[in-house]
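The chains referred to below are lettered A, B, ... by the order of the sequence lines, with proteins before strands, and numbering in each begins at 1.
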Amino acid sequence: MLEITDLVHSYGSHRVLDGVSIRAAEGELVCVVGPSGCGKSTLLRSVAGLIRPTGGRVLIGGKPVDRIPDNLAVVFQDYSRSLYPWMTAANNVALPLRRRGLDRQRRREAAMAALDQVGLADAAEKYPWEMSGGMQQRVSIARALAYRPSLLLMDEPFGSVDAQTREDLEDLVLRVCAHHGMTTLLITHDIDESVYVGDRVVVLTRSPARVAADLPVGLGESRDQIATRQLDAFVRLRAEVGRLVRGGSSTSTVLEKH
Amino acid sequence: MNVIRAVGRVWLIPVTLVIWEIATRAAEQPFFPPPSATLARMGEMWLSGPATHLLLTDQALDDFGPSLARLFAGWALAAVIGVAAGIAIGCSSRLSGYLDPLIHLGRAVPPPLLVPFFLALLKLSTPAQLTTIVFGIIWPILLNTIDGTRTVDRQHLETARIFGFTTTERLTRVIIPAAMPKIFAGLRLALSLALILLIIAEILAGSGGLGYRLLTAQRTYLYTDMWGCLVVLGLLGYLLNSAFLLMERRVLAWHRNARQTT
């Protein structure tokens with residue numbers, strides 16, 4: 001579904017991505033984790049077609065990304081700058097659907113259905129500034145869902161909310177991504193989160209970013225905020241990812257070197 | 001509490017009036033008529049007409065009608081041209097590269113200086129007056145619109161790109177609403193400038209209107225009439241600004257609230 005091959009990007013003489021290769025199968029949720037400032041956002045922006053990488057290739061569904069693909073949605077970290085404050089939640093969700101050729105009534109219905117899925121059916125007529133951060137991020141997720149993308153990109157989607165909201169949103173993302181069978185690339189600096197949410201965790205090195213490890217999570221379909229985090233497998237994998245993010249080498253056998 | 005606070009804000013007005021009244025009566029200068037005489041004269045000039053005309057006299061219609069028409073026509077014209085051109089320039093870095101120096105040059109020319117030129121060019125006084133007003137007030141609208149269009153949040157624009165908005169959608173749903181707070185700031189500044197330029201234009205190229213009335217009163221030593229014009233112009237400026245703020249508060253409710261909560 002998603003093939004990133006030898007992606008290289010430099011800002012001037014400053015190299016940010018140094019040959020990053022990541023693959024995601026249909027319906028897979030891949031977490032990309034790495035130290036702050038390692039080029040995770042640049043990676044996401046290259047996949048989204050927002051910037052043209054210096055080198056390498058990105059294929060989505062077998063097609064090269066040369067401009068912004070029409071089957072892709074992004075949830076940004078900064079929901080307050082991504083949602084339009086002059087529109088209600090419902091209109092924020094419905095606006096991108098014009099492109100799908102839906103009439104006003106259908107757009108409205110699709111927006112309401114998506115808001116319902118993220119638990120905001122009652123807040124459809126609220127403006128972003130009337131909502132908490134967690135609610136606004138839910139609207140962002142609803143907007144992406146209603147758009148029905150085949151690839152969902154999330155850039156630190158829970159980075160700006162409190163811990164409790166973060167857990168709720170993690171479970172929400174797990175639920176809706178599984179429900180829609182969406183291929184998802186989630187970028188985070190949070191080790192714990194990458195293991196909890198991902199089917200696979202790709203660890204990037206310090207800048208310039210390379211893939212340090214690509215680890216299958218193997219915790220099964222259903223996850224629970226308390227029980228899953230207590231599993232031995234979870235604890236071991238989290239420690240493994242933690243060591244890799246800090247720049248150490250892997251000691252585990254599950255590691256597949258690229 | 002609110003009443004006390006409101007009184008606390010306005011008490012200086014009657015006090016000033018009373019002091020002024022006493023001072024002018026004591027001084028007995030023809031240049032400084034007492035406020036009571038000015039008010040009486042204003043009533044006589046403009047508000048002693050028949051009840052069917054809301055008490056407005058013919059003179060009131062002659063003074064206010066043309067002036068208000070010019071004011072609003074000039075302002076509306078400047079708004080349409082300024083906002084449209086501002087969006088075009090703000091969206092195109094090439095266009096702004098060419099036009100920025102010209103805009104800053106044009107803005108630096110004091111508009112009253114151009115009245116004689118416009119008068120020579122356009123012969124009739126009303127087109128010359130309108131041109132003066134438009135030329136004088138378009139700059140804050142233009143510059144604010146350019147700035148507002150240029151400084152739309154990058155993430156707002158990227159979101160529009162990700163979701164494949166058409167050019168029209170990008171413009172009407174994202175760029176214009178985002179630039180609206182700055183556009184409104186420009187429009188409000190332009191409104192107060194419009195009143196100033198209106199009077200200048202009417203004094204320099206006059207044929208009726210409040211500015212012309214002011215000039216004739218001064219030339220015929222009718223200082224109370226002149227003071228009446230000054231007072232009514234002050235009130236007009238205040239009223240226009242208040243009305244505009246009221247409208248802005250409704251249109252930009254999202255902006256005020258969004259800023260309070262973030």
Inset, instruction - Mind ranking B:Glu158, B:Met180, B:Arg154 by heavy-atom pairs under 4.5 Å with chain A and telling me who comes out on top? - result: B:Glu158
Legend entry - Audit row: A:Arg143, B:Thr159, side chain to side chain contact (heavy atoms under 4.5 Å, CB included) steps and yes/no: CA-CA 11 Å; A:Arg143 178 169 64 183; B:Thr159 303; 3.5 Å; yes
Legend entry - Neighbour count >12 (heavy atoms, 6.0 Å) for atom CZ, B:Arg150: yes
Inset, instruction - Return the set of residues passing salt bridge (charged side-chain N to carboxylate O under 4.0 Å, His left out) with A:Asp171 (not counting sequence neighbours), or none when no residue passes. - result: none
Inset, instruction - Go through A:Met87, A:Arg67, A:Arg45 and name the one with the most non-hydrogen pairs under 4.5 angstrom from chain B. - result: A:Arg45
Legend entry - Any A:Leu95 side-chain heavy atom under 4.5 Å of B:Phe165 side chain: yes
Legend entry - Part of A:Leu83 lying under 4.5 Å from any heavy atom of chain B: backbone
Inset, instruction - Considering only heavy atoms, give the residues of residues 105-122 of chain A separated from chain B by less than 4.5 Å, sorted numerically, with 'none' for an empty result. - result: none
Inset, instruction - Look at atom OH of A:Tyr11 and say whether more than 12 heavy atoms of other residues, nucleotides or ligands are closer to it than 6.0 Å. - result: yes
Legend entry - Value rounded to 0.5 Å, distance of CG in A:Asp70 from CZ in B:Phe163: 12.5 Å
Legend entry - Partners meeting ring pair (Phe, Tyr, Trp, His ring centres under 6.0 Å) with A:Phe76 (sequence neighbours left out): none
Legend entry - Partners passing ring pair (Phe, Tyr, Trp, His ring centres under 6.0 Å) against A:Trp86 (at least two apart in sequence or in another chain): A:Tyr84, B:His156, B:Trp254
Inset, instruction - Could you tell me which of B:Ala253, B:Ala178, B:Ala160 has the largest number of non-hydrogen atom pairs under 4.5 Å with chain A? - result: B:Ala178
Inset, instruction - For the pair B:Glu169 and A:Arg99, find out whether any cationic side-chain nitrogen is under 4.0 Å from an anionic carboxylate oxygen. - result: no
Legend entry - Heavy-atom proximity to chain B below 4.5 Å, by part of A:Asp78: both
Inset, instruction - Heavy-atom distances under 4.5 Å only: say whether A:Leu50 touches chain B with side chain, backbone, both or neither. - result: both
Inset, instruction - State, yes or no, whether a side-chain contact exists between B:Arg173 and A:Arg98 at a heavy-atom distance under 4.5 Å. - result: yes
Inset, instruction - Taking all heavy atoms of A:Ala73 and all of B:Ile162, pick out the closest pair and write down the distance. - result: CA-CG2, 4.2 Å
Legend entry - Residues, nucleotides or ligands: over 12 heavy atoms within 6.0 Å of A:Arg52 CZ: no
